[in-house]
Undergrad: 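Can you keep this structure in mind? I'll have questions shortly.
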Number of protein chains: 2
Amino acid sequence: MTVRRIETVIVADDHPLFRQGMRHIAERLYPQARVREADTMDEVLDLARAAPPQAVFLDLLFPGLDPQRSIRALREEFPKTSIIVVSMIEDEALIRTVMEEGADGFIAKSLPAAEIAVAITAVRDGEFVIRRNPRTDLVVSQPGLPPLTQRQRDVLRLVAQGRTNKEIARELDISPFTVRIHVSALLRALDVTSRAAAAAKAAHAGLGGLIGA
Amino acid sequence: MTVRRIETVIVADDHPLFRQGMRHIAERLYPQARVREADTMDEVLDLARAAPPQAVFLDLLFPGLDPQRSIRALREEFPKTSIIVVSMIEDEALIRTVMEEGADGFIAKSLPAAEIAVAITAVRDGEFVIRRNPRTDLVVSQPGLPPLTQRQRDVLRLVAQGRTNKEIARELDISPFTVRIHVSALLRALDVTSRAAAAAKAAHAGLGGLIGA
DNA sequence: TGCCTCATAGGACATATGCACTAGTAGACC
DNA sequence: GGTCTACTAGTGCATATGTCCTATGAGGCA
């Protein structure tokens, strides 16, 4: 995937200190970009509509905000924007939910700045990224998915939810033929030969799948 | 699924105290059953071959034992036995792995006896069961799968790994036609209409899918 | 300008999948 | 013995899926 030039970035967080930190990271990564800061979800939407951002860094605990709906709404209105959720909470179910709702990356606030920057770059390169604080007990290998185009990520999300090509076509408002193209490319990229296997890989990588209680 | 009478149970754990506790639970649940105790994996196999058990309670940290291979071997040799893994460790990746290798249930050792008994009954009723110690922070709803027959669980495991009907047929050593029967019944039971959706449901229920480090 | 990738849309074709039937065998239950 | 379910195996058929092909427009890059 050709990485499009970053022109506008929105940092949405109600903690001034953290917002400053994120701005700093964004400015280091993309010196030419304009970084906007937002205090509320409405402000995010206003800023985004005024100048569609290439990336949004969204605090999960945004004041009076329902993460699910907001992320889905953002994804629908700005399909090409990298939505990166940054959060204090590292609960798995929440992570899976926001990823399924359309986020491209989930980054724990507790990570060092350098790691956050790396994760952001990976997302811009087409990867789904989930970075939590390293746990001390058991080290688990994170399978990870290869870089995918935005459309491939959209499609994978839906395939991993068990949708058919027709349903995906309706959801993304494109032709079923086009969906097949994306699915084919996706299967090649994931090195599998069936959508069910793709769903399994997605589950292993952190999209979908959840152990509860 | 008709619950077959429990005649023989094997408790495999190298902690005598815990083994006693498990024996107690088993005897309360199935007064008529013979409960065997095993110290090593070889002993488990010897006992099982002498008298095929309806249920095996297996300590995950068995001396010098590779959980993956042992569980898969047990499952292959005794396809109808309920394999219930009981463990000190509650690491998710480990749980998913043992469930994928053929276990029917995973139960944390830290749970009270009553809950362990309930979980065992549910497994015997055809459910996949994963019970960890309740965490205090965020309560997550565990989707849970409806009761399935042993064959349906076998098939679901493989579907959730992205296998095709042919592959499943080879793996289970039955006809592809028969696999289709099981898949059809499975889809009905899960209330979905495609294997990919079934895989997604399985992922949500704790089979497959893993968020790492 | 030319070259590239990505997203879009469609045709053709082989295979896989899912469903609706029939049917035999084995075990559990009454 | 009669009845029930699970597991097995098959046929037939409609639809879904996946691959290979062509083709167009947008946008980035050299």
Side-chain angles (χ1 to χ4, degrees), chain A residues 1-7 32 52 54 79-80 82 124-126 146-156 158-160 162-200, chain B residues 1-7 30 32 52 54 79-82 124-126 146-156 158-160 162-200:
Chain A
M1 185 195 194
T2 307
V3 177
R4 292 193 341 289
R5 224 185 138 72
I6 299 267
E7 287 164 3
Q32 78 292 352
Q54 282 74 51
K80 305 186 138 185
S82 294
R124 288 302 301 171
D125 279 344
L148 304 173
T149 69
Q150 179 61 51
R151 250 340 188 201
Q152 285 166 6
R153 291 204 299 275
D154 294 339
V155 169
L156 178 56
L158 295 165
V159 166
R163 315 292 196 85
T164 66
N165 285 344
K166 268 190 200 173
E167 291 169 337
I168 295 173
R170 271 197 297 274
E171 176 84 23
L172 299 182
D173 200 32
I174 56 180
S175 153
F177 294 104
T178 306
V179 174
R180 276 200 307 189
I181 300 290
H182 291 307
V183 171
S184 268
L186 182 59
L187 298 187
R188 245 197 319 278
L190 297 182
D191 194 30
V192 295
T193 58
S194 78
R195 65 201 296 108
Chain B
M1 184 195 195
T2 307
V3 177
R4 288 193 345 287
R5 224 186 138 72
I6 299 267
E7 288 165 3
Y30 311 107
Q32 77 292 354
Q54 281 73 50
K80 305 186 137 187
T81 296
S82 293
R124 289 303 300 170
D125 279 344
L148 303 173
T149 70
Q150 179 61 51
R151 250 338 190 205
Q152 285 166 6
R153 291 204 300 273
D154 294 339
V155 169
L156 178 55
L158 295 165
V159 166
R163 315 291 195 85
T164 66
N165 285 345
K166 268 191 199 171
E167 291 169 337
I168 295 173
R170 271 197 298 273
E171 176 83 24
L172 299 181
D173 200 31
I174 56 181
S175 153
F177 297 106
T178 305
V179 174
R180 276 202 304 188
I181 299 290
H182 292 306
V183 171
S184 272
L186 181 60
L187 299 187
R188 244 198 319 278
L190 297 182
D191 194 31
V192 295
T193 57
S194 78
R195 66 202 296 110

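Within every chain, numbering begins at 1; the chains are lettered A, B, ... in the order of the sequence lines, protein sequences first and strands thereafter.
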Undergrad: C:dA9 phosphate, OP1 or OP2: any side-chain N/O from A:T178 under 4.0 angstrom?
TA: yes
Undergrad: Mind calculating the distance between CZ (B:F177) and C1' (D:dG10) to the nearest angstrom?
TA: 6 Å
Undergrad: Using atom CD1 of A:I168 as one end and atom P of C:dA7 as the other, report the distance to the nearest whole Å.
TA: 15 Å
Undergrad: Rounded off to whole Å, could you give me the CG-to-P distance for the A:N165 and C:dG10 pair?
TA: 14 Å
Undergrad: Could you tell me which non-hydrogen atom of B:V192 sits nearest to which non-hydrogen atom of B:A198, and how far apart they are?
TA: CG2-N, 4.0 Å
Undergrad: Out of A:I168, A:L187, A:T164, which residue meets the side-chain contact (heavy atoms from CB on, under 4.5 Å) rule with A:V159?
TA: A:I168
Undergrad: How close or far is atom C1' of C:dG18 from atom NZ of A:K166, stated in whole angstroms?
TA: 14 Å
Undergrad: With respect to the side chain of A:V183, which nucleotide from C:dT17, D:dG18, D:dA9 is positioned closest?
TA: D:dG18
Undergrad: Please determine if a side-chain N or O atom of B:H182 lies less than 4.0 Å away from the OP1 or OP2 oxygen of D:dT8.
TA: yes
Undergrad: Please state how far atom CG in B:L156 lies from atom P in C:dG18, giving the value in whole angstrom units.
TA: 13 Å
Undergrad: So, do B:L158 and B:V179 sit near enough that their side-chain heavy atoms are less than 4.5 Å apart?
TA: no
Undergrad: Nearest-Å distance, CZ (A:R195) to P (D:dT19)?
TA: 11 Å
Undergrad: From CD1 of A:I181 over to P of D:dT17, roughly how many Å is that when rounded to an integer?
TA: 15 Å
Undergrad: Could you tell me whether the side chain of A:R195 and the main chain of A:R163 form a donor-acceptor pair under 3.5 Å?
TA: yes
Undergrad: Do B:D154 and B:E171 come close enough that some side-chain heavy atom pair is under 4.5 Å?
TA: no
Undergrad: Using a cut-off of strictly less than 4.0 Å, decide whether B:R180 has a side-chain nitrogen or oxygen near OP1 or OP2 of C:dC19.
TA: no
Undergrad: Rounding to a whole Å, what distance do you find between B:L186:CG and D:dA6:P?
TA: 13 Å
Undergrad: Is A:S194 near enough to C:dA16 that one of its side-chain N or O atoms lies under 4.0 angstrom from OP1 or OP2?
TA: no
Undergrad: Is the phosphate of C:dA7 approached by A:T149 (side-chain N or O, under 4.0 Å from OP1 or OP2)?
TA: yes
Undergrad: Check this one for me: any side-chain N or O of A:T164 less than 4.0 Å away from OP1 or OP2 of D:dA16?
TA: no
Undergrad: If you only use heavy atoms from C-beta on, which nucleotide in D:dA6, D:dA9, C:dA7 is closest to the side chain of B:S175?
TA: D:dA9
